[in-house]
2 protein chains.
Amino acid sequence: MAEDVFKALADPTRRKILDELTERNGQTLFEICARLTTKHGLGSSRQAVSQHLAVLESAGLVVSRRQGRYKFHDLRTEPLERIVTRWLKPDAPESTP
Amino acid sequence: MAEDVFKALADPTRRKILDELTERNGQTLFEICARLTTKHGLGSSRQAVSQHLAVLESAGLVVSRRQGRYKFHDLRTEPLERIVTRWLKPDAPESTP
DNA sequence: TTGATAGGCAAGTCGCTACTTGCCTATGGT
DNA sequence: ACCATAGGCAAGTAGCGACTTGCCTATCAA
């Protein structure tokens, strides 16, 4: 539900994970760990990232597929498209001039 | 910055306050308290709602104007329109934590 | 089979945050 | 002048959430 989406987005590391998956979909846990530390400079442990991925997955923002000993993670943007329109009521759409 | 917007949206009571201001803009603290308890069934104290409004204001989602002994609160949706497009576009994401 | 890789599970620690409690200031009605 | 209303400030408490620690399972390559 939407409740979980907001909670999932509340953490900066999880948002970085979404950034990473936006840039390159279908990464494994270790790939995400490596790219978080090298590119974003975050020193997150494997378990920490694993728990973040679990939160993102239970929020519907990430789906995972197992293949052998690898587990690939894919981004799902559908939950994002629904949550913000809640407060962007029909009045005054000043987003595009 | 965007960081504060996500943190502000992480709390369900704050989201209810945004709902309330969406429905009727320019409410005072006591009005928001009253409508939260009656319409939404939340038993939030005055101080709790006051602190929530401070968080929303520092995130740029609410602005307040003083008038006599009243303080009116208005919704600002501009910060909302910026945050989610971060993952909806195929472009490179913003460099924000 | 052995060892290395990829990941999972569970309990525990620690910091942040939502909420309370108590007291304070200021404005306005009468 | 009085007092009720509208709101602010600050310290303290409780619980949730992020992260660690330690050990476990499963898969593949040699």
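Chain letters run A, B, ... following the sequence lines, proteins first and then strands; every chain starts at 1.
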Would you check if [X] and [Y] make a side-chain contact, meaning some heavy-atom pair closer than 4.5 Å?
{"X": "A/Ile32", "Y": "A/Thr28", "answer": "no"}
{"X": "A/Val49", "Y": "A/Ile17", "answer": "yes"}
{"X": "B/His52", "Y": "B/Val55", "answer": "no"}
{"X": "A/Leu29", "Y": "A/Cys33", "answer": "yes"}

Check every nucleotide of DNA chain D for an atom under 4.0 Å from a heavy-atom of chain A, then give the first and the last such nucleotide from 5' to 3'. D/dG17 to D/dC28
I need the residues from residues 31-61 of chain B with at least one non-hydrogen atom less than 4.0 Å from DNA chain D; give them sorted by number, or say none. B/Arg46, B/Gln47, B/Ser50
Figure out the [atom1]/[atom2] separation between [X] and [N], and round it to whole Å.
{"X": "B/Arg66", "N": "C/dG28", "atom1": "CZ", "atom2": "C1'", "value": "13 Å"}
{"X": "B/Gln67", "N": "C/dG28", "atom1": "CD", "atom2": "C1'", "value": "14 Å"}
{"X": "B/Phe30", "N": "C/dT27", "atom1": "CZ", "atom2": "P", "value": "16 Å"}
{"X": "B/Leu29", "N": "C/dT27", "atom1": "CG", "atom2": "C1'", "value": "15 Å"}

Cluster partners of A/Tyr70, using ILVMFWY side-chain heavy atoms under 4.5 angstrom, listed by chain and number? A/Phe72
Taking only N and O in the side chain of B/Lys7, is any of them less than 4.0 Å away from OP1 or OP2 of C/dT17? yes
Want to settle it: does B/Lys71 or A/Asp11 sit nearer the 5' end of DNA chain D, counting the closest nucleotide to each? B/Lys71
So which atom in B/Arg14 and which in B/Lys7 form the shortest heavy-atom distance, rounded to 0.1 Å? NH2-O, 3.1 Å
Is B/Glu57 salt-bridged to B/Arg76, going by a charged N under 4.0 Å from an acidic O? no
Quick check on A/Gln67: does its CD atom have over 12 non-hydrogen neighbours (other residues, nucleotides or ligands) under 6.0 Å away? no
